[in-house]
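Labels below follow one simple rule: chain letters A, B, ... track the order of the sequence lines, proteins then strands, and each chain is numbered from 1.
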2 protein chains.
Amino acid sequence: MANDIPDIVIGRLPIYLRELNRLAQVEKKRTTSSQELGRLLGISSAQIRKDLSHFGEFGKQGTGYNVNYLVEQLNQILHLSTEWPVALIGAGFLGNALANYNGFVDRGFKITCIFDKDDEKVGQTMQSLSVQPLSELEETIHAKDIEVANLVVPASAAQQATDRLVEAGVKAILSYAPISLTVPPGVYVSYSDPVVEMQRMTYYLAPNREVQKK
Amino acid sequence: MANDIPDIVIGRLPIYLRELNRLAQVEKKRTTSSQELGRLLGISSAQIRKDLSHFGEFGKQGTGYNVNYLVEQLNQILHLSTEWPVALIGAGFLGNALANYNGFVDRGFKITCIFDKDDEKVGQTMQSLSVQPLSELEETIHAKDIEVANLVVPASAAQQATDRLVEAGVKAILSYAPISLTVPPGVYVSYSDPVVEMQRMTYYLAPNREVQKK
């Protein structure tokens with residue numbers, strides 16, 4: 001696989017995959033087209049064809065894409081053909097929400113261990129997993145061959161937790177801590193911060209009317 | 001303000017703002033530089049200078065940026081000088097986590113109403129807010145002049161909820177539902193889907209070792 005495919009293209013593949021799965025499972029569709037996908041996703045059909053063309057020929061002129069085949073191909077490209085075990089660090093409100101999130105099922109990931117530094121949370125059961133103390137982090141990650149982690153700790157604890165995860169062999173971290181993390185080459189971090197997402201939208205809105213009311 | 005600033009630039013401004021706030025509040029710094037910010041964020045200093053130059057001259061050659069001044073300017077640019085009231089739709093595990101998230105404080109947003117379709121959740125108290133029935137959505141959003149919403153409902157309910165929010169005057173929706181939403185021009189949607197974020201990272205990893213073990 002070429003390594004020079006822009007990251008922004010890679011970032012759209014999971015969106016295509018999610019919509020294709022929905023078309024297959026909810027709408028029972030067997031074929032689709034770049035036009036239909038584009039309309040559903042708000043992305044131009046030309047963009048979709050160009051993105052997919054980096055990876056091969058998936059559609060036929062006139063008949064479009066076979067949905068199941070394209071799902072299978074995208075699962076292979078994104079390395080989702082088997083399930084990745086995931087370590088969850090942090091068993092607070094958001095950690096609990098992730099542990100109970102049913103959106104992981106059949107999408108390539110399964111939380112297989114949960115850690116918290118709080119003695120009161122350790123030993124509690126979440127989704128049939130017992131919350132473990134942070135002291136067991138390295139041993140468990142090694143034993144379970146875990147390379148993906150969800151980090152749900154306060155900003156002040158996030159870099160130290162990241163360093164331990166990386167040292168233990170984790171290669172991909174989805175962080176909910178509102179802070180930018182430093183990782184070595186070959187380790188990937190993705191961020192989820194609701195405020196950052198909202199701030200990039202309010203740029204486009206007229207300033208909050210409350211100001212004008214004063 | 002020019003309207004032709006790339007969305008990717010706008011998307012980095014909240015990251016700069018978050019780091020500047022951390023520098024001011026945690027590290028008690030009064031000045032910084034594009035070099036320092038770049039190192040902390042893993043972004044080139046040239047990129048940071050170029051991004052900020054779209055909006056004016058914020059630094060001085062040799063002395064760098066005044067942190068508090070740049071925070072104030074970014075707050076103005078992103079329309080955060082007053083707090084946006086936010087409607088939360090969905091009071092499940094993740095809705096509860098958002099209601100209890102203390103990362104909103106001082107960053108421009110405050111959840112001021114919570115809705116759920118489930119009669120058992122209606123009337124419950126979350127962070128001193130009483131969960132309201134969905135039937136009160138439009139009236140409350142009008143009365144509280146709300147333009148920002150967090151959508152935390154199942155995929156199957158997300159588009160209908162979105163249509164109602166838009167009809168009631170909401171202009172910016174952060175959706176946690178794993179589905180692409182359709183909105184009219186002038187309304188902004190941002191998505192948070194942990195699986196999409198993880199899938200775009202596993203592309204870069206070697207396929208899960210479990211396959212090789214078989």
Exercise. For each of Pro154(A), Ala155(A), Ala99(A), Gly11(A), tally heavy-atom pairs with chain B at distances under 4.5 Å, and name the one with the top tally.
Key: Gly11(A)

Exercise. Spell out the residues in residues 106-115 of chain B that have some non-hydrogen atom less than 4.5 Å away from a non-hydrogen atom of chain A, in order of number; otherwise answer 'none'.
Key: Arg107(B), Phe109(B)

Quiz item: Does Tyr191(B) reach the main-chain N or O of Leu181(B) with its side chain, forming a donor-acceptor pair under 3.5 Å?
Solution: yes

Quiz item: Based on non-hydrogen pairs under 4.5 Å, which of Leu17(B), Val189(B), Leu174(B), Ile15(B) is most in contact with chain A?
Solution: Leu174(B)

Quiz item: Does the pair Glu167(A)/Arg164(A) count as a salt bridge with the N-to-O cut at 4.0 Å?
Solution: no

Quiz prompt | Backbone N/O of Leu78(B) and side chain of Thr202(A): donor-acceptor pair under 3.5 Å | solution = yes

Self-check item: Best-contacting candidate, Asp193(A), Thr182(A), Leu13(A), against chain B by heavy atom pairs under 4.5 angstrom
Solution: Asp193(A)

Exercise. List the steps, then state whether side-chain contact (heavy atoms from CB on, under 4.5 Å) holds for Leu52(B) with Leu74(B).
Key: CA-CA 9 Å; Leu52(B) 295 176; Leu74(B) 285 172; 4.3 Å; yes

Practice problem: Begin with the C-alpha distance, continue with both residues' side-chain angles, and end with the deciding distance and a verdict on side-chain contact (heavy atoms from CB on, under 4.5 Å) for Glu19(A) and Ser180(B). | Solution: CA-CA 8 Å; Glu19(A) 189 63 30; Ser180(B) 295; 4.3 Å; yes

Self-check item: Contacting region of Ile179(A) [heavy-atom separation from chain B under 4.5 Å]
Solution: both

Quiz item: With only heavy atoms counted, which part of Asn150(A) is less than 4.5 Å from chain B, the side chain, the backbone, both or neither?
Solution: side chain

Quiz item: Side chain, backbone, both or neither: which part of Val26(B) has a non-hydrogen atom closer than 4.5 Å to chain A?
Solution: neither

Exercise. Any chance you could measure Ile173(A), atom CD1, to Thr162(A), atom OG1, to the nearest 0.5 Å?
Key: 4.5 Å

Quiz item: Angle class for the Phe58(B)/Tyr69(B) ring planes (parallel below 30°, perpendicular above 60°, tilted otherwise)?
Solution: tilted

Exercise. Give a yes or no on whether the backbone of Ile5(A) and the side-chain of His54(A) come within a donor-acceptor separation of less than 3.5 Å.
Key: no

Quiz item: Using non-hydrogen atoms only, which part of Val148(B) is less than 4.5 Å away from chain A: side chain, backbone, both, or neither?
Solution: side chain

Quiz item: Just wondering, are more than 12 heavy atoms of other shown residues or ligands nearer than 6.0 Å to CD in Glu57(A)?
Solution: no

Quiz item: For Asp163(B) and Gln159(B), what are the C-alpha separation, side-chain angles and deciding distance, and is it a side chain to side chain donor-acceptor pair (under 3.5 Å)?
Solution: CA-CA 6 Å; Asp163(B) 294 343; Gln159(B) 185 62 54; 2.8 Å; yes

Practice problem: Measure distances from Val183(A) to the heavy atoms of chain B and classify the residue's part below 4.5 Å as side chain, backbone, both or neither. | Solution: neither

Self-check item: Ser192(B) portion near chain A, given a 4.5 angstrom heavy-atom threshold
Solution: side chain

Self-check item: Contact leader toward chain B among Val86(A), Leu80(A), Leu94(A), Asn100(A), where contacts are heavy-atom pairs under 4.5 Å
Solution: Asn100(A)

Quiz item: Just how far is it from atom OH of Tyr203(A) to atom CD1 of Ile10(B), taken to the nearest 0.5 Å?
Solution: 4.0 Å

Quiz item: Taking Asn96(A) for the side chain and Gly92(A) for the main chain, is one N or O donor matched with an acceptor at less than 3.5 Å?
Solution: no

Exercise. Check whether any side-chain heavy atom of Asp7(B) sits under 4.5 Å from a side-chain heavy atom of Arg200(A), and report yes or no.
Key: yes

Exercise. Could you tell me which portion of Glu197(A) (side chain, backbone, both or neither) has an atom closer than 4.5 angstrom to a non-hydrogen atom of chain B?
Key: both

Exercise. List the atom of Gly95(B), the atom of Val152(B), and the distance in Å for their closest heavy-atom pair.
Key: N-CG1, 3.7 Å

Quiz item: What parts of residues 35-51 of chain A touch chain B if we use heavy atoms and a cut-off under 4.5 Å?
Solution: Leu40(A), Leu41(A)

Exercise. Count the heavy atoms belonging to other residues, nucleotides or ligands that lie under 6.0 Å from CD of Glu138(A), then report whether that count exceeds 12.
Key: yes

